[in-house]
Number of protein chains: 2
Amino acid sequence: MSFSLSTAGEPLYQLSYKTKTIIKPGKLGLLLNDADPLNANFTISKIDSSKHDSTWEPVWGEVKSIRNNYNELTVTLYQKSTNRSILIRFRLFNDGLGFRYEFPKQANLQHMVVKEEVTEFALAGDHKTFWIPGDYETNEYVYSTSKLSEISPTIRSASADEISTRAVIPDGVQTPLMMKTADGLYINIHEAALVNYSAMHLVLNKQNLTLTSHLVPDARGNKAYLQTPFSTPWRTILVSDKAADILTSKTILNLNEPSKIETTDWIKPTKYVGIWWEMHVGTGSWNYSDESNLKLDGTDWSKLKPNGRHAANTTNTKRYIDFAAQHGFDGVLVEGWNVGWEDWFGQWKEEVFDFTTPYPDFDVKALHQYAASKNVKLIMHHETSGSVTNYERRMDAAFTFMKENGYDAVKTGYVGRIIPRGEFHDGQWMVNHFNRVAARTAQYKIMLDAHEPVRPTGLHRTYPNWLASEAARGNEFNAWSVGNPPEHETILPFTRLMGGPMDYTPGIFEIKMDYYVAQRPFNNQSPNGNQVHTTLAKQLALYVTMYSPLQMAADLPEAYEKRMDAFQFIKDVAVDWDDTQILEAEPGDYITIARKAKNKNEWFIGSISDENKRTSSASLNFLDSKKKYVATLYMDAPTAHWKDNPMAYEIKSFIVDSTSTLKLPIAPGGGAAISLKEANAADLKKFKRYK
Amino acid sequence: MSFSLSTAGEPLYQLSYKTKTIIKPGKLGLLLNDADPLNANFTISKIDSSKHDSTWEPVWGEVKSIRNNYNELTVTLYQKSTNRSILIRFRLFNDGLGFRYEFPKQANLQHMVVKEEVTEFALAGDHKTFWIPGDYETNEYVYSTSKLSEISPTIRSASADEISTRAVIPDGVQTPLMMKTADGLYINIHEAALVNYSAMHLVLNKQNLTLTSHLVPDARGNKAYLQTPFSTPWRTILVSDKAADILTSKTILNLNEPSKIETTDWIKPTKYVGIWWEMHVGTGSWNYSDESNLKLDGTDWSKLKPNGRHAANTTNTKRYIDFAAQHGFDGVLVEGWNVGWEDWFGQWKEEVFDFTTPYPDFDVKALHQYAASKNVKLIMHHETSGSVTNYERRMDAAFTFMKENGYDAVKTGYVGRIIPRGEFHDGQWMVNHFNRVAARTAQYKIMLDAHEPVRPTGLHRTYPNWLASEAARGNEFNAWSVGNPPEHETILPFTRLMGGPMDYTPGIFEIKMDYYVAQRPFNNQSPNGNQVHTTLAKQLALYVTMYSPLQMAADLPEAYEKRMDAFQFIKDVAVDWDDTQILEAEPGDYITIARKAKNKNEWFIGSISDENKRTSSASLNFLDSKKKYVATLYMDAPTAHWKDNPMAYEIKSFIVDSTSTLKLPIAPGGGAAISLKEANAADLKKFKRYK
């Protein structure tokens, strides 16, 4: 990379990879309200450079240790007309560049209101781009794949209409933005360490193929309120000629601050089941009664007429606890346990939930004891309905209630328009809220899984109790909408997951929703013909390809009980890892990943395809060359197809070693999952050698 | 009053007093977002009427018991086209009318977003009007007196420029709005029980002299978010041919709900001194250091360089505690005790104060012990700087900190623009906040004094721990601005005080500010020639004329120590009353009030004038006819004048009885204060009979 000033004193940077230009000279700077802009009239007053090389161990992760190795260039810029200085700090890694603006404390720069950040990403070609529309409110879109110049975020596809709360930016796209050049380079643009600032979206100038930062505004149209000293989040550009290098990049994590949590022994990667999918498929409900227009205060919840299908009842929860205990799951999520669901959605209403009052049929104390006796943890659910002021007022009471009742993980939700009214999900105020919840839960030793937050930027390094987020279009859309196309999960690791783990909720075994529709206790919803766009084997593979230390087995226990052979993979698969190998990857097409379980000589492989049939090849050369392993292959049956025959699978076991290379036939929209465990003598007799 | 429907099905009401029309037929109703309006196409489906007569005792007040006596008319209106019903409930009292809209729970009216309320007050003449501009943010204006048609709220007087945060409504005025008709009727328009709704301002149509409601919007321009069942605040119109009847009206209180606080023995009317006026006059500072641009987090407050004039230090606070104990005051307010004042104002910054961290020179524990040993209560100060989300997050910790350290009263402040950004001081969200603080402090048994809130609407009946509010232009403006004209305090009881007690902070003895300017330890502020527009005797009279159960002796101890004879009135005067008699009153000109101390046979009289000299007459026929009293008269000296000779006073004592009538010469901008105590034998010998 190189830095320069234009004749107008505008900061410029450019980036190349080997011999190829990645970013043409692009401008840097910010515009302020009621103050001169900070994007021109600069002189260079100082340049510092340094090298850094260290290694650190994450509390949990895809690998055991992470190397942080970069060359740093810090340019101090002086604006004589206003007597102000700013710094731009660049960190150049082997796999990409990070840079940020820094505003030292100084007499003439104390408080600022940012009108806009005008960072340019001047791309060198009309790349193939995997994108979702820029939107202040949501990231739950289906990805589009097009040339950069063909981006048209004003599309109103069915997949967009299914999102309840949107605020689309014309010509805008979201980060992480994944691109591929005509000559085979992979480029990823995102940000790291989004703290006390608005999320950066990007707006395209189609004439020159330049993307410019577009920050999310507040109710008054302002982008951020800053006080010096301050540093913006890092803007990141990852580049490689191998797609796999994008997936293994730790640059975004490295640009985040180390953990702020001193003792982390209470943070545990978690596999869980929960009372959740049954509401999505309509056999159960979040709400306890079918009465409408109830107020949080002034309703005698004990006197409501139950609707008979409230899922979060004591009996059903015990059933899930039993199931979790029997099959070795750590936790049971229960949604719909607390009063307010009769009138929770879409009213921009402040007092929706109190987070401490259970429905009459949900016995918190009894379930705490029952779960404890089975060595299972209940996972709390806090849906805010977007009413964040209400949540902030009640958070301490809610977290205290959790700890008193044995909960040490919470799934939060932010469905709907935000209160404070006028704020957006991705603006500075909400960014601060999401980070505040991470810090506050950490104080209570509570693990966090945020749904509908701003997309992650690696802050799980700083708050390792923040196990996962949703922040993209999850598996749930498949239950009640046009769903996610088969390629969806081949794109997410290159986009959404670049910022951090996703609670995608894989593991759907009953793939055609009509199965559940037929069971609905009340005929108030007609069969809809929806299905998950997957084969069953692919659902297993997602536990490996969609990295998260928090993984759900999302389907209903009965779905698993009918297919215990396939369920064995979900029971076996790890949620924390010593090592990760990307065996093959192409965004939008396929991904094959092998991971070594934490502190165990066990490996798991996941391989997925888009809508196309293919044969994956998995060389096992990462295995301990001195050992033999049992490879159990959970594969699409030869007749499997995501649409017409999604639940056809085969399970085979073989003896393999580090010289083996597995050939994995993948059905259209399919996948394969493999467990690799050290073989004992009986195994060696029982199973054939793979060939 | 009468109610009718227009041919278009519009609800109409009118009001007359004796033979005179007060309100000509005016329309009623509301406009909604995304729903048909609720102001026309109605038919009357039901009319109910009833009578009510009861008596209740306030926890504290101007009188011992209050009669609530009205005729009620409830009109149920049906809108066939939308199948919706609303009610309008009218309560007609001897001194005025209250009415409100009620929205019963019903299938077709569940949630509403109010676009505007369109209640009309169609006045019958171009009345003399005492008004301040309609403003979403502030009520700290000087009152203008003009014909209704001459209202011009877009004025930019010096008095307006001194208000930091304004959002003026074109052609708008605020309530309580006081008017006088050409034929001598007094009319007051306000509202009662402002709960979960925006404050009502009024916009004038000069053509037909009709005022129409104008609710304060939120960040999105919406006026209120409602869920049925819901009732709006009461709109009140008080009418009398005697100005005194306006001041004695209890209609606004009667239209509020009874106390929500079950045990109220901890609520105590309070007379207090405090570390406050010295900051206004510039001899002390709120901030501990003169460093600028400090952040709440990340500043080591113990290492700041003190500026040497920080008023809230331990030594100074002990001095005030000593003074309070010596002279029988209940409390000592201390402002500037907590960190953050170096960077508190005007930045629209979220993290300003934490409400629990004292400056290094303020020893909370030691002062708690010291105050307790002297039987004095410290009064907490919570300036929010308008950052209400921050305050709400920290409120519980702050109240807990207070109780741990012996504080049971808090003065809150809301200077500056509100966070959530885009909300206004007088909008629904802030109204809910103010009421929430009242409820929350009550849970902690904390008494509340809110500065810069929405103007009161009688909610101190419901939350009797809410002793007082500022919510108007207080005495403080006299210290550093063009100040308040001498008529100001003759208008406030007819306007601001109609809604509830005001913490006006009377008792300024050093009336010319140059006295303090000369003492300023640092010559960083030049002499400014400001003064309070009052005589000293008038400052005493305000303790009676400006009703509040929370009264400050606002000046510095040294100001009182030089004039202990006059100070005796402040020491003697009660802050809670069994009875109140308005002896004479004319808005903008003069007020003379007599009040009987709670559970004591002592009376206190206050009489004030505007800029004109006058002689007040006070018949003492309210005294116990069987007893003799010592009347101590604190009066303007014959040469006194608010401008040139404000501190000239005389004190005389006489023997009086119920047949006496006092003649009180009042200087221009002056006043008189009288205490009446039962005479003992020695008094009868010592003092002459008044004649």
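Note on naming: letters A, B, ... go to the chains in the order of the sequence lines (proteins, then strands), and numbering restarts at 1 for each one.
Residues B:L215 and B:V114 have side chains in contact (heavy-atom distance under 4.5 Å, counting atoms from C-beta outward). At least one side-chain heavy atom of A:V388 sits less than 4.5 Å from a side-chain heavy atom of A:M430. Using a 4.5 Å cut-off on side-chain heavy atoms (C-beta onward), B:L32 and B:V113 make no contact. Taking 4.5 Å as the limit, every side-chain heavy atom of A:V352 sits out of range of all side-chain heavy atoms of A:L296.
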Below 3.5 Å only, please: all the donor-acceptor pairs between chain B and chain A, one per line.
from   : atom 1 : to     : atom 2 : distance (Å)
B:K105 : NZ     : A:N293 : O      : 3.1
B:Q110 : NE2    : A:S292 : OG     : 3.4
B:H111 : NE2    : A:D343 : OD1    : 3.2
B:H111 : NE2    : A:D343 : OD2    : 2.8
B:R220 : NH2    : A:G422 : O      : 3.3
B:Q227 : O      : A:K295 : NZ     : 3.0
B:Q227 : OE1    : A:K349 : NZ     : 2.9
B:Q227 : NE2    : A:N293 : OD1    : 2.8
B:Q227 : NE2    : A:L294 : O      : 2.9
B:Q227 : NE2    : A:D343 : OD2    : 3.1
B:T228 : O      : A:N293 : ND2    : 3.3
B:T228 : OG1    : A:N293 : ND2    : 2.9
B:P229 : O      : A:K295 : NZ     : 2.3
B:S292 : OG     : A:Q110 : NE2    : 3.4
B:N293 : O      : A:K105 : NZ     : 3.1
B:N293 : OD1    : A:Q227 : NE2    : 2.8
B:N293 : ND2    : A:T228 : O      : 3.3
B:N293 : ND2    : A:T228 : OG1    : 2.9
B:L294 : O      : A:Q227 : NE2    : 2.9
B:K295 : NZ     : A:Q227 : O      : 3.0
B:K295 : NZ     : A:P229 : O      : 2.4
B:D343 : OD1    : A:H111 : NE2    : 3.2
B:D343 : OD2    : A:H111 : NE2    : 2.8
B:D343 : OD2    : A:Q227 : NE2    : 3.1
B:K349 : NZ     : A:Q227 : OE1    : 2.9
B:E350 : OE1    : A:W429 : NE1    : 3.0
B:E350 : OE2    : A:W429 : NE1    : 3.2
B:E392 : OE1    : A:R393 : NH1    : 2.4
B:R393 : NH1    : A:E392 : OE1    : 2.4
B:G422 : O      : A:R220 : NH2    : 3.3
B:W429 : NE1    : A:E350 : OE1    : 3.0
B:W429 : NE1    : A:E350 : OE2    : 3.2

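Of all heavy-atom pairs spanning A:A199 and A:V431, the tightest one is N-CG2, 4.3 Å.
Note that CD1 of A:I86 and CG of A:L30 are 7.0 Å apart. Values are rounded to the nearest 0.5 Å.
If you measure heavy-atom distances from A:L226 to chain B, you find no contacts under 4.5 Å at all. Contacts of A:L294 with chain B are made by both backbone and side-chain atoms, with heavy-atom separations under 4.5 Å.
With sequence neighbours excluded, the residues forming a ring pair (Phe, Tyr, Trp, His ring centres under 6.0 Å) with B:F401 are B:W337, listed by chain and number.
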